[in-house]
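Sequential numbering from 1 along the given sequence is applied to the chain's residues.
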Amino acid sequence: MIALELLAPAKDLECGIAAIDHGADAVYIGAQRFGARAAAGNSVDDIRQLCQYAHRFAAQVFVTVNTIIYDDELAATQQLIQQLYDVGVDAILVQDMGILRLSLPPISLHASTQTDNRTAEKVRWLRDQGFRRVVLARELSVDEIAAIHHAVPDMPLEVFVHGALCVSYSGICYASQHCFGRSANRGACAQFCRMKFDLLDADGRELEHQRHLLSLKDMNQSRHLLELIEAGATSFKIEGRLKDVGYVKNVTAAYSMALNAIINKYPDKYCRASRGHCTYTFQADLQKTFNRGFTTYFLHGRQPDIFSPDTPKALGEYVGKVKELRRDSFNVAGTTSFANGDGLCFFNDDNELEGFRVNRVEGNRLFPQQMPEHLRPGMALYRNSDQQFSRILSRPSAERRIPIQLKLGVTSNGFSLSAEGTTVTISFEHQRAAKPQHENIVRQLSKLGGTIYECSGVDIPADFDYFIPSSLLSDLRQQLVAALTSKNSPTSKNSYTSKINTVNPRDPNISNRLSQQLYDSDCQTAYELHPDSRPLMQCRHCLRYSLGRCMKHGGQKPDWREPLMLRLGDGRQFRLEFDCKHCQMNIYAAD
């Protein structure tokens, strides 16, 4: 039986609890320092509370310690990891290999996607260093994932299935550091890839003007989970440690139900990695939360339409076309229902995204707070803020319960109640019942409301004819719930044994003396410490291909002279190199 894990993001404790309630088998969260999202830090005490909550459902908590670390931070990193272990964290996500040389508690190590994991050789090496899981690069196809699993079958593989996409392979993007002094490898990415660029050829001719040429759509693999499972992935990761609680609730619920549908179809092959089932007060809909449009990225190889050159902002769901304009209102062709306060957007004649708020709704006639100047009949409308949906998600919107089968028994001096290998007893004189007790016993023992459990049945001996007061049945039930709750403890940790050697992949992000000891002396020092001429980005996204000029993939012959250059609005330029051998686009600083 293969256990499948849905791994959800948590910006904070509230989001982490919501993720568990809505079906996550595990949650990943950042501590106060050393996480790849510096703006999403949490106290150790909040992480402790999250662990206590998650472990009741046998769900796990992973903490991101996935930045590069400087020499003067090694002691603080070791102290943090010890604190995380002490409060029950199940694993940490790591980028900096210097952590392997610290004096660590026996906590599981997961190799973050920041370690650029796209080959079987890299995955095998990470396994040999003692890592218990590898988070694969987002760019891999299902065939490439299957090949890695076939080559290293004993290494659990985690894959991203939903959310924002980095255009560069993770861990080897230095554009933010180069341009703004903010390192993506230190949790401070300035989102260079979401900016506007001109595209110039070698003669200075402008091929594209002020477009978001590096901004990708968001990943959505909700319809392809079975393919990923069959390829060998067992953990399915939702991106979004900066997203709000509504995003976490909706996306987690959608993927949890998708995984459950697969398990229901193949109950003898798959199961969930945690316990409990969820009920929801809403219908999950991935279109209704933040997205830039969706793509399956490279799941089935290179494909068009993976980027969003017109805007890096959220489009939301398509809701219809503008039908008729009046002075202070317009109507929409379609069947979508609207609510006061909805946020709508459209692309104007200059292909710029404009947004506005709906003040009042009368059927399909909408009255904006202010009529958009550039709105025209026939334009497509998108809703990126659904007030009714947001209101539902702002309230308690899910319950997670663990079904338990109760068994009532008779002891020498009273009665017992058992479930899941746990038994509690109570002393009470055996008294023959004057009337049937079965119905009352079932009713009293089934009252598990307010707990994480629900009664799936009560086994009572066929010859049971004793009288038990309702108050004693209630005591038995409460004792059992307390015993079951205290029985749940943090998931057992796995100690690691590092097999240090010098025959290993090159690491371009060496930033401390301990990581240097792991590698050959000629390995590159981190760009953050010594900027050099390496590519600022290495991308599988290729502008030649996306603009229809890759002849290798059936495009037209380019009508420009290379090298091509990207130009920011402030005039800074970046040279593009098309590495066709590796089907990769590299971006260099032009100065």
Side-chain angles (χ1 to χ4, degrees), residues 36-37 66-68 95 112-119 122 136-140 160 164-200 207-208 211-219 239 292 295 297-298 302 306-309 312 506-509 511 524-547 550 562-591:
R37 295 290 185 273
N66 59 339
T67 63
I68 58 172
Q95 174 183 192
S112 169
T113 190
Q114 292 294 116
T115 55
D116 186 23
N117 308 316
R118 43 180 153 149
T119 67
K122 182 66 173 289
L136 294 179
R138 295 170 174 88
E139 291 82 359
L140 297 184
F160 281 89
L165 289 164
C166 299
V167 72
S168 177
Y169 285 102
S170 293
I172 50 175
C173 177
Y174 312 106
S176 180
Q177 174 69 29
H178 172 81
C179 291
F180 310 108
R182 293 175 52 180
S183 169
N185 285 317
R186 299 274 294 167
C189 176
Q191 295 198 312
F192 173 86
C193 58
R194 303 297 180 188
M195 296 179 174
K196 285 184 176 180
F197 298 93
D198 300 324
L199 181 65
L200 311 175
L207 308 174
E208 298 283 344
R211 301 189 77 197
H212 303 274
L213 296 172
L214 301 180
S215 182
L216 301 179
K217 293 182 176 181
D218 286 1
M219 179 182 281
E239 188 279 336
R292 301 175 177 89
T295 175
Y297 208 26
F298 291 96
R302 188 170 291 283
I306 67 170
F307 74 146
S308 179
R506 295 175 64 85
D507 187 344
N509 296 321
S511 58
Q524 285 178 295
T525 302
Y527 185 89
E528 288 79 1
L529 295 177
H530 297 288
D532 53 30
S533 60
R534 75 185 74 179
L536 297 180
M537 287 182 164
Q538 298 178 44
C539 314
R540 204 164 196 177
H541 167 55
C542 175
L543 285 174
R544 248 196 208 165
Y545 177 85
S546 293
L547 296 176
C550 175
E562 295 183 4
L564 301 184
M565 306 287 283
L566 291 174
R567 181 173 64 192
L568 281 173
D570 62 8
R572 283 182 289 182
Q573 296 189 23
F574 306 87
R575 176 174 58 85
L576 301 184
E577 174 190 78
F578 299 102
D579 179 358
C580 295
K581 178 181 178 181
H582 300 102
C583 213
Q584 179 172 300
M585 180 178 74
N586 300 322
I587 301 176
Y588 292 84
D591 49 2

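The closest side-chain donor-acceptor pair between Asp116 and Gln114, if any, does not fall under 3.5 angstrom. Judged purely by distance below 3.5 Å, without hydrogens or angles, the side chains of Ser215 and Arg194 pair a donor atom with an acceptor atom. Thr115 and Asn117 share a side-chain donor-acceptor pair at under 3.5 Å.
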Check your understanding: Between Arg138 and Glu239, does a side-chain contact (heavy atoms from CB on, under 4.5 Å) hold up when you go through it step by step?
Key -> CA-CA 11 Å; Arg138 295 170 174 88; Glu239 188 279 336; 4.0 Å; yes

Review point. Step by step, would you call Leu566 with Leu199 a side-chain contact (heavy atoms from CB on, under 4.5 Å)?
Key: CA-CA 5 Å; Leu566 291 174; Leu199 181 65; 3.9 Å; yes

Review point. Which is it for Tyr527 and His178 under the side chain to side chain donor-acceptor pair (under 3.5 Å) test, yes or no, and what are the steps along the way?
Key: CA-CA 9 Å; Tyr527 185 89; His178 172 81; 3.1 Å; yes

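Judged by distance alone, with hydrogens and angles left aside, the side-chain atoms of Arg186 form a donor-acceptor pair with the main-chain N or O of Ile68 at under 3.5 Å. Remark: the backbone N or O of Gln538 is paired with a side-chain donor or acceptor of Ser168 at under 3.5 angstrom. For Arg534 (side chain) and Pro508 (main-chain N/O), a donor-acceptor pair under 3.5 Å exists by modelled atom type. When atom types are taken as modelled, the side chain of Arg182 and the backbone of Cys189 share a donor-acceptor pair closer than 3.5 angstrom. With Ser511 contributing its side chain and Ala526 its backbone, the two residues share no donor-acceptor pair below 3.5 Å.
With sequence neighbours excluded, the residues that form a ring-ring contact (aromatic ring centres under 6.0 Å, His included) with Tyr545 are His553. Remark: Asp507 engages no residue in a salt bridge (Lys or Arg N to Asp or Glu O under 4.0 Å) (not counting sequence neighbours). Applying the salt bridge (Lys or Arg N to Asp or Glu O under 4.0 Å) criterion to Glu139, with sequence neighbours excluded, gives no partner residue. Residues meeting the salt bridge (Lys or Arg N to Asp or Glu O under 4.0 Å) test with Arg302, sequence neighbours left out: none. Scanning for salt bridge (Lys or Arg N to Asp or Glu O under 4.0 Å) contacts around Glu562 gives Arg544, with sequence neighbours left out. Evaluation of the side chain to side chain donor-acceptor pair (under 3.5 Å) rule for Thr113 yields no partner, not counting sequence neighbours.
Geometrically, Arg567 does not engage Phe197 in a cation-pi contact defined by less than 6.0 Å to the ring centre and at most 45° from the axis. Taking the centre and axis of the six-membered ring of Phe180, the NZ or CZ atom of Arg572 falls inside the cone set by 45° and 6.0 Å.
Note on ring orientation: taking the six-membered ring where Trp is involved, the planes of Phe192 and Phe574 are perpendicular (angle over 60°, cut-offs 30° and 60°).
The structure places CG of Leu213 at 6.0 Å from CD of Glu208, a figure rounded to the nearest 0.5 Å.
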